[in-house]
Protein chains: 2
Amino acid sequence: MKNTNYDEYENPGVTVDLVIFTVSEDALKAMMVRRAEAPYPGAWSLPGGFIKLGESLEEAALRVLKEKTGVDNVYLEQLYTFGQPERDPRARVITVAYFALIPWKQLEQPESNKIADLIWNPVDQLPELAFDHEEILKFAVRRLRTKVSYSNIVYGLMPKSFRLSELQRMYEIIINGSLDKRNFRKRMLATGLLRETGKKDINGAHRPAKLYQFKKMEITYFN
Amino acid sequence: MKNTNYDEYENPGVTVDLVIFTVSEDALKAMMVRRAEAPYPGAWSLPGGFIKLGESLEEAALRVLKEKTGVDNVYLEQLYTFGQPERDPRARVITVAYFALIPWKQLEQPESNKIADLIWNPVDQLPELAFDHEEILKFAVRRLRTKVSYSNIVYGLMPKSFRLSELQRMYEIIINGSLDKRNFRKRMLATGLLRETGKKDINGAHRPAKLYQFKKMEITYFN
DNA sequence: CCAAAAGTGTTATTGATACACCCATGC
DNA sequence: GCATGGGTGTATCAATAACACTTTTGG
């Protein structure tokens with residue numbers, strides 16, 4: 001099936017590719033894996049793989065996610081399907097792109113760092129990427145940034161409980177701008193999506209912060 | 001894209017399916033075609049077809065659109081990709097769904113009605129549909145209804161020039177609710193997306209209406 | 001002159017923004 | 001007692017929502 005001489009009646013390959021986001025060191029980052037083989041040997045790329053005939057697209061995405069991160073049960077959303085005929089130089093391959101959000105804390109476990117040739121790269125300083133993966137990644141970043149402004153999607157990047165200042169910081173990192181503390185807190189508490197845990201975070205030489213958590217781990221749209 | 005050995009995996013079929021919307025007789029309608037062959041012989045379904053190896057997904061969608069409606073150069077957007085393993089009883093088939101908007105006037109031309117076994121069906125009174133096409137159609141309706149409220153996407157359903165009352169009616173049909181005339185006009189004119197044509201529509205026993213058109217046929221987001 | 005749709009402003013309410021000081025703790 | 005981040009309220013401005021009458025035409 002290495003023909004570039006396309007047969008009209010042959011089926012294309014179908015893959016899933018994942019844009020896996022996390023936030024660490026005050027930056028929005030995405031996972032990249034180094035390709036071992038041709039094409040683009042040695043280049044960075046998004047994690048992905050061919051779908052198997054018995055699995056749904058989402059199952060394929062979850063499988064890849066689990067393989068690369070060791071996690072499961074995180075926010076996952078279908079992004080877009082990319083199918084330009086020449087996007088893979090070997091053969092016709094259509095890819096269904098997904099994006100996932102993982103709190104950094106869930107990735108600090110030893111097992112998740114076992115895989116070599118895997119990096120978490122700030123989305124605003126990209127290396128050269130294989131295939132059309134730069135386009136896919138930028139598409140995902142745009143979608144995430146848009147969605148942050150009218151939903152509570154950031155819950156997918158937060159640890160189970162957090163200070164309001166940490167939540168604000170998360171918004172600021174993603175939208176790449178600063179927010180007013182008092183207005184931010186008012187709005188967040190007004191959504192009714194947060195619950196005080198009753199615990200406090202004693203963290204340094206300052207007043208301890210109340211810890212909050214999301215009532216339900218579900219995306220909710222404002223407005 | 002870990003696997004380079006394509007032969008380990010049998011490729012699924014890949015189709016595009018289209019939800020083609022229009023508005024006539026005060027109702028939002030979608031195109032349905034009667035299936036001739038198994039599976040679901042005789043059942044209504046969304047227009048669609050297998051993608052060819054040399055064409056992009058959007059080209060495939062445009063091809064199907066042209067075949068069924070005779071039109072081209074209308075609003076077309078990728079909706080979602082549906083890939084449950086059992087969605088087609090014969091074999092694994094993944095479908096990339098698109099939705100299109102066509103002004104009813106463009107469909108009144110004789111050629112577009114040549115195709116037998118094709119209906120424009122109100123989206124709130126669906127017949128039984130083949131495959132998972134009901135799910136796809138409902139997904140499209142939801143997307144259209146949402147998008148109408150924060151963009152000028154309705155331009156895709158309007159004729160070249162129109163009265164403001166016709167534009168308002170279009171919104172009302174799609175969102176399935178009524179709008180205040182004065183607020184509607186204020187908001188629409190405030191967007192700056194409309195231009196007076198200078199012409200008037202003399203239509204019946206009443207004051208003639210100014211005719212407007214969209215400055216550019218492009219989707220623009222409010223807010 | 002009657003019927004039918006076009007056209008037009010003001011007020012009230014709501015939501016968004018701007019802005020500065022005191023609090024509780026560790027060292 | 002001082003440095004550090006936590007926590008709080010009010011006033012202004014902008015956007016949205018509610019609401020009813022006059023105008024222009026054809027018949």
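Every chain is numbered from 1 and lettered A, B, ... according to where its sequence line falls, protein lines coming before strand lines.
Rounding to the nearest 0.5 Å gives a distance of 5.5 Å between NE2 of A/His133 and CZ of A/Arg87.
Note: CG (B/Leu189) to C1' (C/dG9) measures 14 Å, nearest angstrom. The CZ atom of A/Arg169 sits 12 Å away from the P atom of D/dG5 (whole-angstrom rounding). Counting to the nearest Å, the P atom of C/dA6 and the CZ atom of B/Phe162 are 14 Å from each other. Rounded to a whole Å, the CZ atom of B/Phe184 is 18 Å from the C1' atom of C/dG9. In this structure, B/Asn203 atom CG and C/dA6 atom P are separated by 8 Å, rounded to whole Å. For B/Leu179 and D/dA18, the CG to P distance is 11 Å, given to the nearest whole Å. The distance from atom CG of A/Leu164 to atom C1' of D/dG5 is 13 Å, rounded to the nearest whole Å. In this structure, A/Arg187 atom CZ and C/dA18 atom P are separated by 11 Å, rounded to whole Å.
With sequence neighbours excluded, the residues satisfying side-chain contact (heavy atoms from CB on, under 4.5 Å) with A/Ser151 are A/Lys147, A/Ile153, A/Ile219, A/Tyr221.
Here B/Ser165 reaches the OP1 or OP2 of C/dA6: one of its side-chain N or O atoms lies under 4.0 Å away.
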What side-chain donor-acceptor pairs closer than 3.5 Å can you find for residues 204-217 of chain B, not counting sequence neighbours?
residue  : atom : partner  : partner atom : Å
B/Lys215 : NZ   : B/Gly192 : O            : 3.0

Could you walk me through whether B/Glu166 and B/Arg169 pass the salt bridge (charged side-chain N to carboxylate O under 4.0 Å, His left out) test, one step at a time? CA-CA 5 Å; B/Glu166 290 173 314; B/Arg169 191 79 198 102; over 6 Å; no

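If you run salt bridge (charged side-chain N to carboxylate O under 4.0 Å, His left out) between B/Asp124 and each of B/Lys138, B/Arg145, B/Lys29, only B/Arg145 comes through.
The residue B/Arg185 sits close to a base: some heavy atom pair falls under 4.0 Å.
For A/Phe99 and A/Phe139, the gap between ring centers reaches or exceeds 6.0 Å.
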Spell out protein contact along nucleotides 19-27 of chain C as letters: B when the base is contacted, S when just the sugar-phosphate is, - when no protein heavy atom is under 4.0 Å; keep the 5' to 3' order. BB--BBBB-

